[in-house]
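Note that ligands are numbered from 1 as they come in the structure, with each ligand's atoms numbered from 1 the same way. As a basis for the values below, the full set of heavy atoms in this structure was taken, side chains included, without hydrogen atoms, waters or symmetry mates.
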Amino acid sequence: MEKKTYQGLVVRETEEKKYARAIEELSIEALPAGDVLVRVLYSSLNYKDMLSATGNKGVTKKYPHTPGIDAAGIVETSSSTEFKPGDEVIVTSYDLGMNTSGGLGQYIRVPAAWVVRKPTGLTLRESMIFGTAGFTAALSVLRLTDYGIKAKDDVLVTGAAGGVGGVAVSMLSHAGFNVTALNSLLDERVYLTGIGAANVIEPADLIEESGRPLLKDRWTGCVDTLGGNVLTSAIRSIRANGAMTCCGNVVSHDIHLTVYPFILRGVSLFGIDSQNCPMPLRLRAWGMLAGAWKFPWLERLASEVRLSGVEGALDKIRSGNHQGRIIVNLWD
Ligand SMILES: NC(=O)c1ccc[n+]([C@@H]2O[C@H](COP(=O)([O-])OP(=O)(O)OC[C@H]3O[C@@H](n4cnc5c(N)ncnc54)[C@H](OP(=O)(O)O)[C@@H]3O)[C@@H](O)[C@H]2O)c1
């Protein structure tokens, strides 16, 4: 390997306890120890990357730091027998981009146990259109379908215009579910129906704060990305023996619930943790994304930026003013 330096986005803490971002020339040698050095071709931007890039110490404890919880690229060197130079791989989750230098740099070095061989049904670019958000959507839909929610059932998706939500809407619609999308911020009806939502509702159509333990039963399943009063209103609207998943806290991490959806309707609530997902389930979810759940309008969800465009894209995520998935082309 001849290259000794690479370009990456570095977040630095300033004396005024602010966080400044700049593209810097970095040393490959200074990357953390690990089995596999990957030349990153694409990354993507997730809600957590915005938190890491803006100094959220719950995500990243020490700065300077290169964020990027997603990376797809080509193995450059490997001390593991599992991978060899030239292999196309996906690295997401674990500590990548949190306290380990992440995919917003042209190289990463990581343990072999974090690395997933790219499934044949996806290109590296497509794998990053999914990224952690799509992978989390797949874990959520797997939970619901393993539980017994099936095609033609009515399913609600919240935060629908976002990354996890947009992939969940698309995947569920492609698999034959009747999808209702909750759209909270900008009016994104045209986009949401274009990616498969049969109905689009707004917060006033869902949120109910009177404290009534059960609401009219409207959906068999729900993929929730928002938490707070969205989750608590949705779970009170799930039909008997239905189920919902919880993966995010965009609205709030607080939930105030009674036991009644669980004991009077037999509703189940599944937590989703993509970061520590065991490898067999991880491979199964990537297999579904590359196969049966790979919807034909994947590109409709994607916008692409270079490293120099990450700053503006993070602002859009911070304000909720973006649609779908933003991928980062590291070498363009
Ligand atoms: N547990 C896990 O493993 C895991 C993995 C990935 C992500 N997550 C979490 O899942 C959540 C969503 O992630 P993401 O990557 O999809 O984020 P995202 O792309 O930023 O999407 C969030 C969406 O939420 C809605 N929204 C934003 N601000 C809102 C507000 N103030 N009130 C109501 N709705 C608002 C918007 O969609 P609408 O306008 O359509 O409502 C927005 O597009 C985050 O909390 C993230 O941390 C968890």
Participant: Using a 3.5 Å cut-off on N or O atoms only, is N183 in polar contact with ligand 1?
Facilitator: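 Yes, there is a polar N/O contact under 3.5 Å.
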
Participant: Is the shortest heavy-atom distance from the side chain of Y6 to the side chain of L31 under 4.5 Å?
Facilitator: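 They are in side-chain contact.
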
Participant: Quick check on contacts: which atoms of ligand 1 are under 4.0 angstrom from a heavy atom of L182?
Facilitator: 40 (O), 41 (O)

Participant: Can you tell me if L139 has a non-hydrogen atom under 4.0 Å from ligand 1?
Facilitator: no

Participant: Purely on distance, is any nitrogen or oxygen of S184 under 3.5 Å from one on ligand 1?
Facilitator: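 Among all N and O atoms of S184, at least one is under 3.5 Å from an N or O of ligand 1.
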
Participant: Please determine if L186 has a nitrogen or oxygen closer than 3.5 Å to a nitrogen or oxygen of ligand 1.
Facilitator: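 Between L186 and ligand 1 (N or O atoms, distance only) the closest approach is not under 3.5 Å.
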
Participant: Indicate every side-chain donor-acceptor pair of residues 153-169 with a distance under 3.5 Å to a residue at least two apart or in another chain.
Facilitator:
residue, atom, partner, partner atom, Å
D153, OD2, K150, N, 2.8
D154, OD1, N178, ND2, 2.6
D154, OD2, R239, NH1, 3.0
D154, OD2, R239, NH2, 3.1
T158, OG1, D224, OD1, 2.6
T158, OG1, T225, N, 2.9

Participant: Between CD1 of I327 and CE of M128, what distance do you get to the nearest 0.5 Å?
Facilitator: 9.5 Å

Participant: Just how far is it from atom CZ of R318 to atom CG of L314, taken to the nearest 0.5 Å?
Facilitator: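 It is 7.0 Å, given to the nearest 0.5 Å.
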
Participant: Can you sort out which atoms of ligand 1 are near V250, meaning under 4.0 Å from one of its heavy atoms?
Facilitator: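 Matching atoms, with element in brackets: 11 (C), 12 (C), 26 (N), 27 (C), 28 (N), 29 (C), 35 (C), 44 (C), 45 (O).
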
Participant: Among all protein heavy atoms, pick out the one at the shortest distance from atom 21 (O) of ligand 1; state its residue, atom name and that distance to 0.1 Å.
Facilitator: G162 CA, 3.2 Å

Participant: Which of the numbered atoms in ligand 1 are under 4.0 angstrom from any heavy atom belonging to G163?
Facilitator: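 Every atom of ligand 1 under 4.0 Å from some heavy atom of G163: 16 (O), 18 (P), 19 (O), 21 (O).
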
Participant: With a 4.0 Å cut-off on heavy atoms, is R325 in contact with ligand 1?
Facilitator: no

Participant: Taking the six-membered ring for Trp, are W297 and F295 parallel (under 30°), tilted (30 to 60°) or perpendicular (over 60°)?
Facilitator: tilted

Participant: Could you give me the CA-CA distance, side-chain angles and deciding distance for K118 and E126, then say whether salt bridge (Lys or Arg N to Asp or Glu O under 4.0 Å) is met?
Facilitator: CA-CA 10 Å; K118 181 189 72 60; E126 287 171 338; over 6 Å; no

Participant: Counting only heavy atoms not in K294, do more than 12 fall under 6.0 Å of its NZ?
Facilitator: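 It does: K294 NZ has more than 12 such atoms within range.
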
Participant: Looking only at protein heavy atoms, which one is nearest to atom 11 (C) of ligand 1, and how far off is it?
Facilitator: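 For atom 11 (C) of ligand 1, the nearest protein heavy atom is T225 O, 3.4 Å.
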
Participant: What atoms of ligand 1 come closer than 4.0 angstrom to any heavy atom of L226?
Facilitator: 24 (O), 25 (C), 34 (N)

Participant: Have a look at D70 and tell me which of K48, R325, R125 forms a salt bridge (Lys or Arg N to Asp or Glu O under 4.0 Å) with it.
Facilitator: R325

Participant: Tell me, do Q7 and L330 make a side-chain contact under 4.5 Å, heavy atoms counted?
Facilitator: no

Participant: Using distance alone, determine whether A161 and ligand 1 share an N or O pair under 3.5 Å.
Facilitator: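 In this structure, A161 places an N or O atom under 3.5 Å from an N or O of ligand 1.
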
Participant: Could you tell me whether a side-chain N or O of S78 sits under 3.5 Å from a main-chain N or O of F83, the two making a donor and an acceptor?
Facilitator: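 Between the backbone of F83 and the side chain of S78 there is a qualifying donor-acceptor contact (under 3.5 Å).
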
Participant: Short N/O distance, under 3.5 Å, between I272 and ligand 1?
Facilitator: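 So ligand 1 has an N or O lying under 3.5 Å from an N or O of I272.
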
Participant: Starting from atom 10 (O) of ligand 1, find the nearest protein heavy-atom neighbour and note its residue, name and distance.
Facilitator: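 Answer, as residue, atom name and distance: G248 CA, 3.6 Å.
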
Participant: List for me each residue that meets salt bridge (charged side-chain N to carboxylate O under 4.0 Å, His left out) alongside D217, sequence neighbours excluded, and say none if there are none.
Facilitator: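 Salt bridge (charged side-chain N to carboxylate O under 4.0 Å, His left out) check on D217 returns nothing, list empty.
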
Participant: May I ask you to list the atoms of ligand 1 that are less than 4.0 angstrom from any heavy atom of N249?
Facilitator: 45 (O)

Participant: Would the distance check show the side chain of R143 and the main-chain N or O of L139 forming a donor-acceptor pair, the cut-off being under 3.5 Å?
Facilitator: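 Checking the backbone N and O of L139 against the side chain of R143, no donor-acceptor pair under 3.5 Å is found.
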
Participant: Please report which non-hydrogen protein atom sits nearest to atom 30 (C) of ligand 1, along with the residue it belongs to and the distance in Å to one decimal place.
Facilitator: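 Ranking protein heavy atoms by distance from atom 30 (C) of ligand 1, first comes L185 CD2, 3.9 Å.
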
Participant: With heavy atoms only and a cut-off of under 4.0 Å, state how T136 meets ligand 1: side chain, backbone, both or neither.
Facilitator: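 Just the side chain.
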
Participant: Evaluate V164 for polar contact with ligand 1, using N/O atom pairs at a separation under 3.5 Å.
Facilitator: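 For ligand 1, there is an N or O atom that lies under 3.5 Å from one belonging to V164.
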
Participant: Is the side chain of T60 donor-acceptor paired with the backbone N or O of N56 at a distance under 3.5 Å, no angle test?
Facilitator: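 Checking the backbone N and O of N56 against the side chain of T60, no donor-acceptor pair under 3.5 Å is found.
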
Participant: Going by distance only, is there an N or O of H322 that falls short of 3.5 Å from an N or O of ligand 1?
Facilitator: yes

Participant: If we only count N/O pairs under 3.5 Å, is I317 in contact with ligand 1?
Facilitator: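 I317 vs ligand 1: no N/O contact under 3.5 Å.
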
Participant: Counting each atom of ligand 1 from 1 as listed, which ones have a heavy atom of S274 under 4.0 Å away?
Facilitator: 2 (C), 3 (O), 5 (C)

Participant: So, R236 side chain and E208 main chain: donor-acceptor pair closer than 3.5 Å or not?
Facilitator: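 Yes.
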
Participant: Contact between ligand 1 and E188 is defined here as a heavy atom of the residue under 4.0 Å from a ligand atom; is it met?
Facilitator: yes

Participant: Any N or O of C247 that comes nearer than 3.5 Å to an N or O of ligand 1?
Facilitator: yes

Participant: Side-chain contact test, heavy atoms from C-beta onward, threshold under 4.5 Å: evaluate it for F262 versus L269 and give yes or no.
Facilitator: yes

Participant: Return the CD1 to CG distance between I69 and N46, rounded to the nearest 0.5 Å.
Facilitator: 4.0 Å

Participant: For ligand 1, which atoms have a heavy atom of V251 less than 4.0 angstrom away?
Facilitator: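 That gives atoms 32 (N), 33 (C) of ligand 1.
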
Participant: Using a plain distance cutoff, I'd like to know if G165 has any nitrogen or oxygen under 3.5 Å from a nitrogen or oxygen of ligand 1.
Facilitator: no

Participant: Give me the nearest non-hydrogen protein atom to atom 15 (O) of ligand 1 as residue plus atom name, then the distance to 0.1 Å.
Facilitator: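 Answer for atom 15 (O) of ligand 1: Y47 N, 3.6 Å.
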
Participant: As an exercise, identify every atom of ligand 1 less than 4.0 angstrom from a heavy atom of D273.
Facilitator: 3 (O)

